[in-house]
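Report on the structure given below.
This is a predicted model, so every value here is computed, not measured.
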Protein chains: 2
Amino acid sequence: MAGQVRDAARTRRALLDAAARSVVLHGAGVSLDLVAREAGVSKGGLMHHFRSKDELMAALADDLFDQFARAVEDRMDADDPRPGRRLRAYVRATFDDLEKTQDAVEQATLMATLSAFPEPARRVQERYRRWNRTLAEDGVDPQRVLVVLRACDGVSIAPLFEGQLGPEELASTRTLLLELASGTGPLVGDT
Amino acid sequence: MAGQVRDAARTRRALLDAAARSVVLHGAGVSLDLVAREAGVSKGGLMHHFRSKDELMAALADDLFDQFARAVEDRMDADDPRPGRRLRAYVRATFDDLEKTQDAVEQATLMATLSAFPEPARRVQERYRRWNRTLAEDGVDPQRVLVVLRACDGVSIAPLFEGQLGPEELASTRTLLLELASGTGPLVGDT
DNA sequence: GCTAACAAACCGTCTGGTCGGTACGCTTCC
DNA sequence: GGAAGCGTACCGACCAGACGGTTTGTTAGC
């Protein structure tokens, strides 16, 4: 039922969750002690799982990316014959994430704060580049891909810079981006 | 020539510049001592100009925004009769900024890191919202405005997440966004 | 000479990281 | 099946250093 008293995997998960919450609340200034307490673990326990603060943050970054990658994969529509399926899945994942979270500011703050640490920043960059490469081979005009990706980036961090976005704004931008991600030719633009 | 030995304005400028450089290098963990040394001033001197770290960071945020606002104003084309002049100026300012800086990652890192401090984050949000309101009254279809703005946001922080963007990628996205910012009707999208 | 602009030493607090120790849980062997 | 043995998970006290901020002192400029 409640599981064992000792459960490394569970503890690790609790630590990562606690770290995420604490970072959101206290920015880069989070203390390991706080994270440990928040997870119901002693600081020694934390240090057992993550040998340094940098390592904890890196693990947190990896964790977030894994979740997002899975979200994209889940949103791939196998019945959709048109090219750009992965790009559209990416758009959906981005927006679903924002709509789901009560406070989208959290995610944005997290990513931004993590980027303030050397090792996590490196990993985020590496992962991001991989995404770009994958999405470029999706059969859509590269220019389109880039604009859509940039807009997704923008939508993701916008909460950080200007607070939570309105639902109607989110919805309208989402539709528009999905349309942009559906055409294959170059974008000429005008009405 | 070199000015006086004591020059408050000049010292303040030096401190802000040093703060910017140091924050980029050391993230939120910058020490006041380091910033002071980097500016060729003692810590006491720094504290004379900024009463706390938070205040220093807030001033830095304000400074960055002032610069950007001026850049946008400078790029307003008075001869352009079409609506959306300010939005296009915004796009130009965004891209010029990125192309000018040898290392665009700096700007992005700066903004992100600053957002990790409470007071600076507040100011950034306030300023950003003002921009949004101003740009919404520019005669362009609101949906267009939003996508363009989000894409600009994305282009700005992209360096943080995936490293410096290629010049041809920047150029092509720039053109595309300017086109998007030139139409007035709703965006239908397909080719 | 008086005030603003700095310098330099100082202090209490906090933080990341270490370390010796403890107790749980699984395996092994009888 | 249970006692022994053992590795891993975890605890909690501790430390050295750093950091933000204060205070006191000094000098330049009007």
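Within the 4.0 angstrom heavy-atom criterion, only backbone atoms of the sugar-phosphate kind lie near A:Val30; the bases stay farther away.
For the OP1/OP2 pair of C:dC6 and a distance below 4.0 Å, the side-chain nitrogens and oxygens of B:His49 include at least one atom meeting the criterion. Dashed line: the shortest gap from a side-chain N or O of B:Thr11 to OP1 or OP2 of C:dC6 is under 4.0 Å. Note on A:His48: every side-chain N or O is 4.0 Å or more away from OP1 and OP2 of D:dC10.
Projected onto DNA chain D by closest heavy-atom contact, B:Lys43 and B:Arg6 fall at different nucleotides, the more 5' of which corresponds to B:Lys43. Nearer the 5' end of DNA chain D, as judged by each residue's closest nucleotide, is the contact made by B:Gly29, out of B:Met47 and B:Gly29.
In this structure, A:Arg37 pairs ionically with A:Asp33, as a charged nitrogen and a carboxylate oxygen lie closer than 4.0 Å. The pair A:Glu73-A:Arg86 meets the salt-bridge criterion, since a charged nitrogen lies less than 4.0 angstrom from a carboxylate oxygen. Contact check on B:Arg82 versus B:Asp77 returns no salt bridge, with no Lys/Arg side-chain nitrogen under 4.0 Å from an Asp/Glu carboxylate oxygen.
Rounded to whole Å, the distance from CG on B:Leu46 to P on D:dG21 is 10 Å. Atom CZ in A:Phe50 sits roughly 12 Å away from atom P in D:dA9 (whole-Å rounding).
In the set C:dC6, D:dG21, D:dC11, the nucleotide with an atom closest to the side chain of A:Ser42 is D:dC11. If you check D:dC11, C:dT15, D:dC19 against the side chain of A:Ser31, the one that comes closest is C:dT15.
Few gaps surround CZ on A:Arg13; more than 12 heavy atoms of other groups in view lie less than 6.0 Å from it.
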